[in-house]
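See below for the structure under consideration.
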Amino acid sequence: MKKRQSNFELLRIICMFLIVAGHVTWQTKFSYDELNLVHRVSIQSLWMGGELGVWGFTLISAYFLSGSHFKIKSLKKIWGITLFYSISIYLLLVIFHVIPINPKDALKSFLPVLTGNYWYVSAYIGMYILVPYMNIVIEHLEKKEYQKLLLLLFIMFSLLPYLKNITVVTNNNSVINLVYIYFVGGYLRKYSSDFTKENQKYYILIFLGSLILMVSSIVVLDLIRPKSWFAFLTTSSPLEAIAGVSLFLIVKNTSISYNEIINKIAASTFAVYLIHCQAIFLPILWDKIVHAQQWQTIPYTAGYELLVACVIYCSATLIDFIRIYILKTYLKFKVRFID
């Protein structure tokens with residue numbers, strides 16, 4: 001089996017941590033009107049990472065999938081591990097009397113992809129099914145035509161939604177957004193030689209500039225439209241798009257020798273998402289276990305949120321390590337038994 005490049009695997013880890021940290025802010029019921037502007041913005045800024053993580057994670061998949069063939073085995077693996085964690089978490093919650101048996105919850109947990117228990121998994125599988133057809137488009141488009149397509153997608157999905165009464169995408173988190181990102185990733189792979197290490201300083205400046213603009217948008221919106229502070233922190237946001245692409249290019253042009261530890265941790269990033277985003281477990285995790293709003297008055301709430309994100313990330317990774325170990329042990333025993 002070909003070893004995965006550790007620079008991209010490190011990006012997977014970073015992106016998933018950003019997603020978890022973003023969820024601490026997004027899922028917590030902070031009383032922002034009770035906080036001063038600086039304190040409020042420091043908490044809200046963590047949500048930048050949530051959507052930035054989606055861009056990074058999807059760009060990695062697009063970069064490699066756009067140059068490969070559709071594999072039903074990969075689709076089964078994604079579906080299988082999603083089913084495992086969705087059902088396991090639900091059953092544990094029922095067995096330990098954390099929640100009562102509820103047909104609606106059971107349906108969500110046993111059919112997580114079809115019911116949208118995990119929006120990203122449902123959207124990703126939808127995108128993955130379209131990979132063979134998108135790859136045909138990517139392969140046959142000339143460079144100028146491809147650039148026109150990306151410009152059109154950028155206008156439709158990243159600019160038009162901000163114009164009043166013009167809506168191209170009704171659901172910001174959908175397969176359409178991932179298809180948009182896929183074509184961006186496909187371009188970065190097809191014309192990889194255009195994005196070299198010589199331009200690294202520009203990628204860094206663009207990335208930092210987009211972050212500054214996103215923080216600035218939070219400040220401005222907190223002052224004029226506080227309930228819409230996240231308007232430029234969505235998956236389709238032009239600022240998130242620019243930040244996501246520039247971060248990807250920074251990592252792409254950063255040489256890291258193969259690192260077994262990085263790759264091993266990265267192999268469990270998807271499980272981290274599945275564990276902390278299980279729909280039935282979600283309100284229990286954020287409202288009863290974490291309950292971060294109790295710390296909103298301390299000066300360094302954002303630091304506490306990052307600490308919570310670390311604990312969740314490490315705990316979920318450890319759980320997946322145990323799952324992998326048990327699975328490998330079972331398979332070894334099965335082989336020996338058959339022999």
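Only a predicted model underlies this, so the values are computations on that prediction, with no experimental measurement involved. We're numbering straight along the sequence, starting at 1.
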>> I'd like to know whether Leu65 forms a side-chain contact (heavy atoms from CB on, under 4.5 Å) with Ser68, so could you lay out the CA-CA distance, the side-chain angles of the two residues, the decisive distance to 0.1 Å, and finally the verdict.
In response: CA-CA 5 Å; Leu65 286 174; Ser68 62; 4.1 Å; yes
>> Run the side-chain contact (heavy atoms from CB on, under 4.5 Å) test on Leu35 and Tyr32 for me, step by step, so that the C-alpha distance in whole Å, both residues' side-chain angles and the decisive distance to 0.1 Å come before the verdict.
In response: CA-CA 5 Å; Leu35 308 175; Tyr32 291 121; 4.2 Å; yes
> Do Ile324 and Ser268 pass the side-chain contact (heavy atoms from CB on, under 4.5 Å) test, and can you show the C-alpha distance, the side-chain angles, and the key distance before you say yes or no?
Replying inline: CA-CA 9 Å; Ile324 293 171; Ser268 293; 3.9 Å; yes
>> Go through it in stages, so that I can follow the logic: the residues are Tyr313 and Thr269, the test is side-chain contact (heavy atoms from CB on, under 4.5 Å), and I'd like the CA-CA distance, side-chain angles, deciding distance and then a yes or no.
In response: CA-CA 9 Å; Tyr313 193 104; Thr269 50; 3.2 Å; yes
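Ring geometry for Trp55 versus Tyr180: interplanar angle over 60°, hence perpendicular rather than tilted (30 to 60°). Under the 30°/60° scheme for interplanar angles, the aromatic rings of Phe195 and Tyr203 are found to be tilted.
Side chains of Thr235 and Asn177: no donor on one and acceptor on the other come within 3.5 Å. Side-chain contact annotation: Ser66 with Arg189, donor-acceptor N/O pair under 3.5 Å present.
Side-chain contact check for Glu198 versus Gln200: every heavy-atom pair is 4.5 Å or farther apart. Inter-residue side-chain proximity for Leu249 and Ser246 is flagged as unmet; no heavy-atom pair is nearer than 4.5 Å. With a 4.5 Å cut-off on side-chain heavy atoms, Arg4 and Arg12 count as touching. Inter-residue side-chain proximity for Ile125 and Ile78 is flagged as met; some heavy-atom pair is nearer than 4.5 Å. Side chains of Asn135 and Ile138 form a contact here, defined as non-hydrogen atoms less than 4.5 Å apart. Between Ile218 and Ser45, some side-chain heavy-atom pair lies under the 4.5 Å cut-off. Under the 4.5 Å side-chain criterion, counting only non-hydrogen atoms from C-beta, Met127 is not in contact with Ile181. The side-chain heavy atoms of Phe270 and Thr82, taken from C-beta on, include a pair separated by under 4.5 Å.
Side-chain rings of Phe248 and Tyr63 approach one another, their centers coming within less than 6.0 Å. If you look at Phe232 and Tyr162, their ring centroids are closer than 6.0 Å. When ring centroids are compared, Phe230 and Trp47 stay outside the 6.0 Å threshold. Ring centers of Tyr191 and Tyr187: under 6.0 Å apart, within the cut-off.
With Ser217 contributing its side chain and Met214 its backbone, the two residues share a donor-acceptor pair below 3.5 Å. Glu34 contributes no side-chain N or O that, together with a main-chain N or O of Ser31, makes up a donor-acceptor pair within less than 3.5 Å. Put simply, the side chain of Ser122 gets close to the backbone of Val113: a donor and an acceptor are under 3.5 Å apart. For Thr28 (side chain) and Phe30 (main-chain N/O), no donor-acceptor pair under 3.5 Å exists by modelled atom type. A donor-acceptor contact shorter than 3.5 Å is absent between the side chain of Lys288 and the backbone of Pro283. Thr196 contributes no side-chain N or O that, together with a main-chain N or O of Ser193, makes up a donor-acceptor pair within less than 3.5 Å. Distance alone, capped at 3.5 Å, is enough to place a donor-acceptor pair between the Thr25 side chain and the Ile43 backbone.
Residue pairs meeting the salt bridge (charged side-chain N to carboxylate O under 4.0 Å, His left out) criterion with at least one partner in residues 304-331, sequence neighbours excluded, are Asp320-Arg323.
With values rounded to the nearest 0.5 angstrom, His39 atom NE2 is found 7.5 Å from Gln296 atom CD. Note that CG of Leu11 is 11.0 Å distant from CE of Met16, once rounded to the nearest 0.5 Å. Atom CG of Leu211 sits about 8.5 Å away from atom CD of Glu240, to the nearest 0.5 Å. To the nearest 0.5 angstrom, Asn7 atom CG is 9.0 Å from Asn253 atom CG. A distance of 10.0 Å separates CD in Gln278 from OH in Tyr90, rounded to the nearest 0.5 Å. Considering CG of Leu274 and OG of Ser86, their distance stands at 8.5 Å, rounded to 0.5 Å.
Under the 4.5 Å side-chain heavy-atom criterion for ILVMFWY residues, no single connected hydrophobic cluster contains both Phe17 and Leu318. Grouping the Ile, Leu, Val, Met, Phe, Trp and Tyr side chains by contacts below 4.5 angstrom, directly or via other members, places Ile99 with Ile101. Using a 4.5 Å cut-off between side-chain heavy atoms of Ile, Leu, Val, Met, Phe, Trp and Tyr, with links allowed through other members, Tyr118 and Phe57 fall into the same hydrophobic cluster. No continuous path of ILVMFWY side-chain contacts below 4.5 Å connects Ile256 to Tyr258, so the two sit in separate hydrophobic clusters. Under a hydrophobic-cluster definition in which Ile, Leu, Val, Met, Phe, Trp and Tyr are linked whenever side-chain heavy atoms come within less than 4.5 Å, directly or via other members, Phe154 and Ile206 are assigned to different clusters.
No more than 12 heavy atoms of other residues, nucleotides or ligands shown are found within 6.0 angstrom of CH2 on Trp295. Counting non-hydrogen atoms of neighbouring residues, nucleotides and ligands closer than 6.0 angstrom, the CD1 atom of Ile261 reaches no more than 12 such neighbours. Counting non-hydrogen atoms of neighbouring residues, nucleotides and ligands closer than 6.0 angstrom, the NZ atom of Lys252 exceeds 12 such neighbours. In the displayed structure, Glu142 atom CD is contacted under 6.0 Å by at most 12 heavy atoms of other residues, nucleotides or ligands.
In terms of heavy-atom proximity, Asn263 sits nearest to Ser6 at OD1-OG, 2.8 Å. Of all the heavy atoms in Ile13 and Ile262, the pair that sits closest is CD1-O, 3.5 Å. Taking each heavy atom of Ala21 and Leu306 in turn, the nearest pair found is CB-CD2, 4.1 Å. Shown here for Cys277 and Leu282, the closest heavy-atom pair between the two residues is CA-CD1, 3.8 Å. In plain terms, the two heavy atoms of Ile284 and Val98 that are nearest each other are CD1-CG1, 3.6 Å. Residues Val175 and Ala123 share a closest heavy-atom pair of CG2-O, 3.4 Å.
Note that Lys264 lies in the cation-pi zone of Phe321, set by a 6.0 Å cut-off to the ring centre and a 45° limit from the axis.
Here the rule is ring-ring contact (aromatic ring centres under 6.0 Å, His included) with Tyr128, and of Tyr120, Trp79, Tyr182, Phe70 only Phe70 fits it.
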